[in-house]
Amino acid sequence: MDCNIDPKSVVINVIRQKLLDWYDQNQRDLPWRRERDPYRIWLSEVMLQQTRVSTVIPYYERFLKVFPTLSSLAEADEQKVLKLWEGLGYYARARNLFEAVKEVQKTYGGEVPSDPADFKKLRGVGEYSSAAVLSIAYQKPLAAVDGNVVRVICRLFMIEDDPTKSITYKQINTTARKLLDLRRPGDFNQAMMELGAIVCLPRSPQCFKCILTKECLAYQKGKAEELPISKKTRPIPTIEYAAAIIIKERHCLLHQRDRSGMLGGLWELPAIEKRNRKKIELEQCFSSLLRNPVKLKKRTSLLNHTFSHQRWKVYVYPTESSNPVPDNKNNWCWANAEDISALPFPKIYHPILPDIISRLQTHLN
DNA sequence: AATACGGGGCC
DNA sequence: GGCCCAGTATT
């Protein structure tokens with residue numbers, strides 16, 4: 001495609017070499033940088049999607065202690081995989097990785113395919129992850145363009161258009177391919193990301209320690225911090241969430257959330273969930289949900305929790321003892337205290353679970 | 001092309 | 001309260 005950013009190849013060569021030299025001297029010592037196993041590189045890239053390095057590190061190490069090899073993960077139980085992902089967010093990543101790893105075991109004999117066409121077919125492997133994993137693990141000459149790279153390139157070449165527009169994104173991608181060092185593609189990709197992560201920051205970029213200020217058009221114009229231009233923000237929906245504690249013989253009724261939706265595959269109390277709606281008749285809703293009359297007692301807890309994209313209002317109601325029998329047995333279970341600690345729950349449940357467990361242990365209800 | 005998808009850290 | 005993070009799948 002036509003690219004009006006056409007820096008002289010001399011500049012390209014200078015940027016490429018400076019960046020690699022800087023990376024060789026200044027890269028952080030991260031767990032996945034010590035690894036050669038493509039499976040481990042892959043796992044790191046999946047965990048790092050939309051997630052900070054500092055958040056990922058403990059999850060990464062814990063995960064690999066339980067599933068040290070691709071084969072061990074391929075033979076795992078999905079609930080245990082989700083439990084290790086608990087709190088990391090974007091749970092589809094865990095389910096997709098699990099499915100993809102089983103596919104690799106079945107179709108590619110347990111070897112992560114090195115052909116980009118094959119690798120990208122796998123669930124959860126997109127343009128970025130494909131380039132990142134294959135360049136790092138197999139030295140494939142693919143440019144990995146993540147949020148860091150977008151920011152670095154927008155600043156280096158003064159791209160003032162919205163990078164989320166596909167035409168602009170193609171320009172950025174073309175530029176990344178021209179910059180790529182074909183002899184050390186994995187290191188070069190990581191160098192770009194590393195610069196974005198520790199020098200070319202979204203806010204307050206540390207230009208005083210950047211080795212590319214002479215080549216950076218945005219810096220020369222004093223506009224580094226303004227780029228890339230940001231997208232418009234979306235309104236945050238409020239989620240009203242009412243949950244019932246239903247206990248029978250030291251077991252608590254739990255429901256597994258639909259795998260395709262939010263917090264898919266995680267467990268929860270029987271709950272009524274409404275977005276941006278008015279009050280609802282809770283007892284009626286619960287009774288209909290459980291195909292059985294439910295008597296609520298006084299609300300015990302109210303949690304307000306604001307995430308990036310949602311504002312949660314959580315109400316928890318103990319119930320009068322009854323014998324509710326959910327329709328679809330597959331997604332329901334009666335869990336004792338031990339079961340509860342083994343099941344994956346959304347983060348919002350962490351303050352509530354101790355209360356539920358103590359109710360089970362003390363015969364309350 | 002726009003939206004859904006978690007949770008945390010920082011200003 | 002807004003922004004952003006080693007993005008991908010779905011609509």
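Letters A, B, ... mirror the listed sequences (proteins, then strands); counts begin at 1.
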Can you find a side chain N or O atom of [X] that sits less than 4.0 Å from OP1 or OP2 on [N]?
X	N	result
A:Arg52	B:dC10	no
A:Lys120	C:dT8	no
A:Thr55	B:dG8	no
A:Tyr90	C:dA9	no

Would you please say whether a donor-acceptor pair under 3.5 Å links the side chains of [X] and [Y]?
X	Y	value
A:Trp32	A:Glu45	no
A:Gln50	A:Arg93	no
A:Gln17	A:Asp21	yes

If you only use heavy atoms from C-beta on, which nucleotide in [options] is closest to the side chain of [X]?
X	options	value
A:Arg28	C:dC4, C:dT8, C:dA6	C:dA6
A:Met193	C:dA6, C:dC4, B:dC5	C:dA6
A:Leu48	C:dA6, C:dG1, B:dG7	C:dA6
A:Arg93	B:dG6, B:dG8, C:dG1	B:dG6

[N] [atom2] sits how many Å from [X] [atom1], rounded?
X	N	atom1	atom2	value
A:Gln50	B:dT3	CD	P	16 Å
A:Ile198	B:dC10	CD1	C1'	18 Å
A:Met262	B:dA4	CE	P	11 Å
A:Tyr59	B:dG6	OH	C1'	10 Å
A:Leu201	C:dC4	CG	P	13 Å
A:Trp85	B:dG8	CH2	C1'	16 Å
A:Leu30	C:dA6	CG	C1'	10 Å
A:Lys83	B:dG6	NZ	C1'	16 Å

Say we look at [N] and [M]: how far apart would their [atom1] atoms be, to the nearest angstrom?
N	M	atom1	answer
C:dC4	B:dC5	C1'	15 Å
B:dG6	C:dC5	C1'	12 Å
C:dA9	B:dG8	C1'	23 Å
C:dT8	B:dG9	P	24 Å

5' priority, DNA chain C, between A:Val53 and A:Leu122 [closest heavy atom]: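 It is A:Val53, whose closest nucleotide lies nearer the 5' terminus.
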A:Arg123 vs A:Ala197, nearer the 5' end of DNA chain C by closest nucleotide: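 Final value for this comparison: A:Ala197.
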Polar pair under 3.5 Å, donor/acceptor by atom type, side chain A:Arg203, base C:dC4: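 For A:Arg203, whose side chain was compared with the base of C:dC4, there is no donor-acceptor pair (under 3.5 Å).
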hbond_proxy A:Thr51 side chain to B:dG6 base (donor-acceptor, 3.5 Å cutoff):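 Such a pair exists between side chain and base.
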For DNA chain C, the residues among residues 146-154 of chain A that have a non-hydrogen atom under 4.0 Å from it: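 A:Asp146, A:Gly147, A:Asn148, A:Arg151, in order of number.
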Base, sugar-phosphate alone, or nothing: which one does [X] contact when heavy atoms must sit under 4.0 Å apart?
X	answer
A:Val125	sugar-phosphate
A:Gly87	sugar-phosphate
A:Ser204	nothing
A:Leu88	base

Heavy-atom donor-acceptor pair, A:Gln206 side chain to A:Ile198 backbone, under 3.5 Å: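 Answer holds: no.
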Donor-acceptor under 3.5 Å (A:Tyr91 side chain, A:Pro346 main chain):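 Not a single qualifying donor-acceptor pair exists.
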Contacts of type salt bridge (charged side-chain N to carboxylate O under 4.0 Å, His left out), residue A:Arg203, not counting sequence neighbours: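 Result, salt bridge (charged side-chain N to carboxylate O under 4.0 Å, His left out) vs A:Arg203: none returned.
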CD (A:Gln284) with more than 12 external heavy atoms under 6.0 Å: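 At most 12 heavy atoms, drawn from other residues, nucleotides or ligands, come within 6.0 Å of this atom.
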Linked hydrophobic residues, A:Leu227 as query - side chain contacts closer than 4.5 Å: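 So far as hydrophobic clustering goes, A:Leu227 is joined with A:Met158, A:Leu217, A:Ile229.
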pair A:Ser72-A:Thr69: side-chain heavy atoms closer than 4.5 Å: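 Yes, at least one pair of side-chain atoms sits under 4.5 Å.
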5' priority, DNA chain B, between A:Ser54 and A:Thr164 [closest heavy atom]: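 The residue whose closest nucleotide sits nearer the 5' end is A:Thr164.
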